[in-house]
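For reference, the structure discussed in these notes is given below.
Since we're looking at a predicted model, the values are computed, not measured.
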There are 2 protein chains.
Amino acid sequence: MSGSDVLAARFDHWQGAGFDPARCPVRDVLDHIGDKWTTLILIVLAEKARRFSEMHRAVPDISKRMLTQTLRNLERDGMVTRHVFPTKPPSVEYRLSPLGLSVMSPLAELIEWAESRHAEIQQARARFDAAMSQSQAVLQIETVVR
Amino acid sequence: MSGSDVLAARFDHWQGAGFDPARCPVRDVLDHIGDKWTTLILIVLAEKARRFSEMHRAVPDISKRMLTQTLRNLERDGMVTRHVFPTKPPSVEYRLSPLGLSVMSPLAELIEWAESRHAEIQQARARFDAAMSQSQAVLQIETVVR
DNA sequence: GATGACAGGTCTATAATAGAAACCATTCAA
DNA sequence: TTGAATGGTTTCTATTATAGACCTGTCATC
């Protein structure tokens, strides 16, 4: 409730500015954070610096390709730094930058919200799906009768 | 920093539980919020209840299909309610539910973070891209020399 | 009475993206 | 000599997003 009005005003401002997506932080920044894997990777890195394969083991169902891509994007955005050590075979360590660390606090609040409302959301989904299959069934009958 | 440790512990817990994606709120809930349009739609609805075409005008570069889909998902998750009025032609109004309203506060913090760090992120991107085109150029030369 | 505008969508065809699996170069151990 | 581990890249396919045409219905305009 407190945030809504501030956001609404801000939105009007963006909209007034011709609505250039590049000037809208929501779209330019949060699109990445909303990526399928980015939040998870940030959480994993928040615990401690990690190596590539270590992260792959921590999040088993990400493909290497997606892991690479997610890390590259985070690196490009300055949220993560990449350090190569000349061991044999070479090892690569990723860690959160100060910028990356700074997103964890707002992100943590959102995650806590998600966790506390998870059951409620799942119930809403079940209700919606039940109502849908109801009306679907009605449509079926109507089609048959027709 | 404060959020990191809490999150790390929580992550360990999820991971211990066999890592079922359906039991991980981050993946089950935030994936939706991270959708390309969902956050924007939430912001638009935070200002006031709106009709379909009104939203389409507010966010001109969303397609009707995506607007429909985004709204359906939000409705399914119980974040938005849909009200049909028997005017001619019928009008449909969408509004935030209490649940939808409750996400605005953590979301607002994240958006504020995005706004305050936007410039920093854009600079990081520019640096990264410059460094990349550098090394790309080097690769080109090496290839030519070879 | 044909034409267009608005409402709130759906349908289809194409473009962009994600994902699985194979591959690669290097090094060490068995 | 085969196998495993390192940190990826490449290729091919499956999924998803998007644009744009279309639809049903009512009203106003010409």
request  = Apply the test side-chain contact (heavy atoms from CB on, under 4.5 Å) to residues A/Leu110 and B/Val103: give CA-CA distance (whole Å), side-chain angles for both, the deciding distance (0.1 Å), then the verdict.
outcome  = CA-CA 8 Å; A/Leu110 196 58; B/Val103 79; 4.1 Å; yes
ask   = Of the residues in residues 78-95 of chain A, which ones touch DNA chain C at a heavy-atom distance under 4.0 Å?
value = A/Lys88
Atom [atom1] of [X] to atom [atom2] of [N]: distance rounded to whole Å?
| X | N | atom1 | atom2 | result |
| --- | --- | --- | --- | --- |
| B/His32 | D/dA17 | NE2 | C1' | 16 Å |
| A/Gln69 | C/dT17 | CD | P | 9 Å |
| A/Leu67 | D/dG8 | CG | P | 9 Å |
| A/Arg72 | D/dG7 | CZ | P | 12 Å |
| A/Arg50 | D/dG8 | CZ | P | 16 Å |
| B/Arg51 | C/dA7 | CZ | P | 6 Å |
| A/Arg57 | D/dA4 | CZ | C1' | 12 Å |
| A/Asp61 | C/dA21 | CG | C1' | 16 Å |

key: Cluster link B/Tyr94 to B/Phe85, ILVMFWY, side chain under 4.5 Å   =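 No, because B/Tyr94 and B/Phe85 fall into different hydrophobic clusters, even though each may have its own neighbours under 4.5 Å.
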task = Find the bend of the helix from C/dG1-D/dC30 to C/dA30-D/dT1 as the angle between its two terminal axes (five pairs each), to the nearest 10°.
result = 30°
request  = Report yes or no: does B/Thr39 contribute a side-chain atom to a donor-acceptor pair with the main-chain N or O of B/Ile33 at less than 3.5 Å?
outcome  =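 Yes, because the side chain of B/Thr39 sits within donor-acceptor range (under 3.5 Å) of the backbone of B/Ile33.
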Rounded at 0.5 Å granularity, tell me how far [atom1] in [X] sits from [atom2] in [Y].
| X | Y | atom1 | atom2 | value |
| --- | --- | --- | --- | --- |
| B/Asp35 | B/His32 | CG | NE2 | 7.0 Å |
| A/Ile62 | A/Ile41 | CD1 | CD1 | 4.5 Å |
| A/Ile121 | A/Arg117 | CD1 | CZ | 8.5 Å |
| B/His56 | B/Lys64 | NE2 | NZ | 7.0 Å |

Taking only side-chain nitrogens and oxygens of [X], does any of them come within less than 4.0 Å of OP1 or OP2 of [N]?
| X | N | value |
| --- | --- | --- |
| A/Lys36 | C/dG19 | yes |
| B/Thr68 | C/dG9 | no |
| B/Trp37 | D/dA17 | no |

ask   = Would you say the side chain of B/Arg65 and the base of C/dT12 hold a donor-acceptor pair, judged only by whether the two atoms sit under 3.5 Å apart?
value = yes
request  = Output all residues satisfying side-chain contact (heavy atoms from CB on, under 4.5 Å) with A/Ser116, sequence neighbours left out; order by chain, then residue number.
outcome  =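 So A/Ser116 forms no side-chain contact (heavy atoms from CB on, under 4.5 Å) with any residue.
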Side chains of A/His83 and A/Thr81 in contact at under 4.5 Å (non-hydrogen atoms) =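 Touching, per the 4.5 Å side-chain cut-off.
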task = Select from A/Lys64 and A/Asp35 the residue whose nearest nucleotide in DNA chain C is closer to the 5' end of that strand.
result =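 Its nearest nucleotide being more 5', the pick is A/Asp35.
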ask   = Which of the following nucleotides, C/dG8, C/dG19, D/dA19, is nearest to the side chain of B/Ser63?
value = D/dA19
